[in-house]
> 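Before anything else, here's the structure in question.
In what follows, every heavy atom counts, from backbone to side chain, and hydrogens, waters and symmetry copies are set aside. All ligand and atom numbering here is 1-based and tracks the order in the structure.
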Amino acid sequence: VRLDKASGTRTFSIDYSHDRFLKDGAPFQYISGSVHYFRIPRAYWKDRLLKMYMTGLNAAQVYVPWNFHETIQGVYNFTGDRDLEHFLDLANRTGLFVILRPGPYICAEWEMGGLPAWLLQKPNIMVRTADPDYLQAVNDWLAVLLPKVKPWLYGNGGNILSVQVENEYGSYFACDYNYMRHLRALFRYFLGDDTILFTTDGNTNREMTCGTLQGLYATIDFGTGGVAFDRQRRFEPRGPLVNSEFYTGWLDHWGEQHAHVDTEKVSNMLGEMLSMGASVNMYMFEGGTNFGYWNGAYRSVVTSYDYNAPLSEAGDPTDKLLAIREVIKKFRDIPLGPMPPATPKFAYGFVAMKKEDLTNLPCLDLCLFQYYGYMLYRTKLPRMVSDPTPLISPLNGIHDRAYISINGMYLGFLERDTQLVINVTGQEGDQMDVLVENMGRVNFGSKINDFKGLVSNLILGGDVLTDWQIYSLDIDGTIAGGWPHSGVKQHQPGMMSNSTEGPAFYMGMLEPTGFAWDTFLKLRGWTKGQVWINGVNLGRYWPQRGPQQTLYVPGPLLSSSQPNNITVLELEGAPVDTRVVFLDRAQLDSTMGTS
Ligand SMILES: CCCC/N=C1\SC[C@@H]2[C@H](O)[C@H](O)[C@@H](O)CN12
C-alpha cells in the first residue's frame, strides 16, 4: 500500500485543475468492470475477479441489493453468498479497487431494483422520495450497511475508491431533491467527508438535472452509440470524465432476441474514452445469473444475466474480453501470465423426471405476507356455467400469471397485460384453483410499486368471484427441507391438476460422477416453470418463449459423491418425454419454437 507522501495517509480525490482523479496525489484513471456478487455463487467470486484483473482492469464496480441482505424487515444477512465484506476482501487481495454502488435503489434488472418488497406493506408508500415511511426504512438499512462499508474505504486502508448515491435518479418521475439531500447527509454522516460521492445518470438533460446534486460528483452512462461526455461537462465543467456504465452488452427479456453488442464497437469506443483520460466502468463485465426469484422486470427479465458480457454467465472469457484486454494494453501494463481458462463444463446427459404424487404438495394455510414465488387462490363456482363463460380480470389484476384449474382439471392461464380472459365451464360449487406466479417486480420507472398476486377482482360471467381462500406456498422451504425426494408426505390439500397438463411437480436424480463441473440444464419440450437442484432454486425456465433455452448450473451446487436431487415445477405442461438433459454449453439465443 502506498501512502500519500505529504500527509502519510491514503487519499483518493478529484483534481479539478487537471480534470482527473488523484490517488495518493498521483494521477489515476480507473478501468473498471461491473460484477454482481449476488449473481455468482461465492465459490466462484475469486475466479471472476482474477479474470477481471488479468484483463487489465484496476477496479470492479459493485452494487449492493438492499433486498438481498434484508429480505425480511429487520433481519440482516451478510453470510455465505451475501458476504459483502468477503467479496470486497477478495477484490482487494486480487488487486482490484472497488467503486461501490449501495443504492438504496440499484435498478440492475434485479427484483424491484433492489428495494425490499416489504416496503409495499404500506400501500401508499412513495419509494425513492422523501416519503417519511420510506426514509425511515432507508435510515435503518444504511445504518447497518454503511458502517460495514466504512473500513473498506481507501482512506481507511481499504479498496473502495468512491461511492455512488442512488442510481439514475434523474430517470425517476419524482425528481425529489429533498430525498437526494437526505441521502447525501446519510452517506456523509456514515462515510465521512473525504470519500468521493457521485451520481450516475443517463444521457439527457432531464436525467442529469434531476439526478445530480451539489456535493455529489455527476457522472454519466452511455453505450456504443457514441461518446457523450459533453452532457457530463454541462454539469461538471471541470473534473474527470467518467462513464459509469459503458454498455458492453445488454439485458434479455422473455420472448425477445438475445442481446448482442458488437465487440469492435466496444473496443473502439473504450479506446477512444481511455485516450481522452476518462475513467470508464464497463457494464457488465461479468453478469452472472438471476437465481431464484431475483430477476427484475421492465418486462420480465430472463434468468440468465449473461448480458453478452466479456465474461460469460459461467465466467468464461470471450473474444470480447480478449479484445478489451488488447485495448487496455495500450494504456497500462497488464498483469503478465495467461488468462485463467473457462471453468470445466460437463454434459451429464439425460435424467428421467417422474411426476410427483398430486395429493401431497407444499401448501401452507392462510398467511398474511409472501413476497416471492407462487400463491394459491381457491374459491367455489357461485353458479353453474354450462356454456363456456369468460373469466376476466377487468382491471388487469393478474400479477403476473395465473394458472386456472377446476376440480383439478387445468384450463389454461391468464397473464398480466396480455391474456386477460379465459372461458370456464362447471357446476355450482366446483372448486376453482388459481395459482398466481410473481414473475419479478418492476425494477425501473414509475410502476416500481409492483404489488403481486390477484390485485383486483376476477369476474365470471358478470359475477364478482368472492369467498377466496388464499394459501401461501412455502415451496422453497419445503424443497429445501428435502421434499419430494425425502419421501416425507405433506398431508395438505392437493393444489395441482391431475391431468397431464397444468401445474405439477416432477422429481429426478442426477447420479454422482466423482466430480462436480459446471453444466447447463435444458428442458426440451417443457413449457414454463422453476427448477431446484439439491434444494437450491436455480431460477425460471420458459423455453416456449425463449430466448434462454438452458439454465446455468454452477458446479459448486452439485455433489460429486451423492445423488443430486432435481425438482421441477412445471406450470403449464410437460412433454410426453419428461426427461431433462444436462449439456456442456449454454443456449441463450433461441426464441419460441426455434430451439
Ligand atoms: C430504458 C431503460 C434504461 C434503464 N437503465 C438501464 S437498463 C440496463 C442498465 C441497468 O439497469 C443499470 O442498473 C442502470 O443503472 C442503467 N441501465
Side-chain angles (χ1 to χ4, degrees), residues 32-40 60-68 99-115 127-128 162-175 180 183 197-208 210-212 216-225 228 231-232 242-254 256-261 266 280-290 294-310 313 440-448 450:
S32 172
S34 293
V35 55
H36 296 168
Y37 62 91
F38 43 98
R39 287 180 157 128
I40 303 165
Q61 188 196 69
V62 184
Y63 275 132
V64 180
W66 178 2
N67 55 12
F68 197 58
I99 316 294
L100 195 74
R101 306 210 286 176
Y105 161 84
I106 65 168
C107 196
E109 288 66 66
W110 189 257
E111 152 77 17
M112 206 168 157
L115 299 181
V127 297
R128 304 183 73 193
S162 56
V163 178
Q164 181 179 290
V165 177
E166 243 279 354
N167 191 85
E168 288 197 325
Y169 188 61
S171 302
Y172 195 57
F173 71 94
C175 196
M180 288 296 279
L183 290 181
L197 300 179
F198 69 97
T199 57
T200 296
D201 282 284
N203 180 19
T204 67
N205 280 331
R206 195 282 180 181
E207 289 172 86
M208 293 295 281
C210 287
T212 61
L216 306 178
Y217 191 70
T219 77
I220 196 166
D221 56 34
F222 53 83
T224 55
R231 181 96 50 196
Q232 185 194 8
V242 180
N243 181 346
S244 289
E245 295 187 21
F246 173 51
Y247 301 114
T248 58
W250 199 248
L251 56 115
D252 286 347
H253 295 111
W254 292 111
E256 296 179 1
Q257 293 293 330
H258 178 47
H260 179 266
V261 175
V266 169
V280 179
N281 176 73
M282 290 169 268
Y283 192 99
M284 294 299 294
F285 200 85
E286 155 68 356
T289 307
N290 296 313
W294 288 118
N295 66 280
Y298 190 53
R299 297 176 299 289
S300 188
V301 169
V302 303
T303 302
S304 169
Y305 203 62
D306 179 84
Y307 218 85
N308 188 226
E313 177 181 8
R441 283 183 181 79
V442 169
N443 62 270
F444 178 82
S446 58
K447 295 183 178 176
I448 196 168
D450 193 2

> Test salt bridge (Lys or Arg N to Asp or Glu O under 4.0 Å) on Arg299 and Glu256 and set out the steps.
CA-CA 10 Å; Arg299 297 176 299 289; Glu256 296 179 1; 2.8 Å; yes
> Examine Tyr63 together with Trp110 and report whether their ring centres are nearer than 6.0 Å.
no
> Hey, does the side chain of Thr248 reach the backbone of Met284 with a donor-acceptor pair shorter than 3.5 angstrom?
yes
> Can you tell me which residues line ligand 1 if we count any heavy atom under 4.0 angstrom from one of its atoms, in chain and number order?
Tyr63, Ile106, Cys107, Ala108, Glu109, Asn167, Glu168, Glu245, Tyr247, Trp250, Leu251, Tyr283, Tyr307, Phe444
> List in chain and number order the residues that pass side chain to side chain donor-acceptor pair (under 3.5 Å) with Tyr305, two or more places apart in sequence or in another chain; answer none if no residue qualifies.
Glu109, Tyr283
> Using the ring centroid of each side chain, check whether Trp294 and Phe68 are separated by less than 6.0 Å.
yes
> Answer yes or no: is there an ion pair linking Arg39 with Glu313, defined by an N-O contact shorter than 4.0 Å?
no
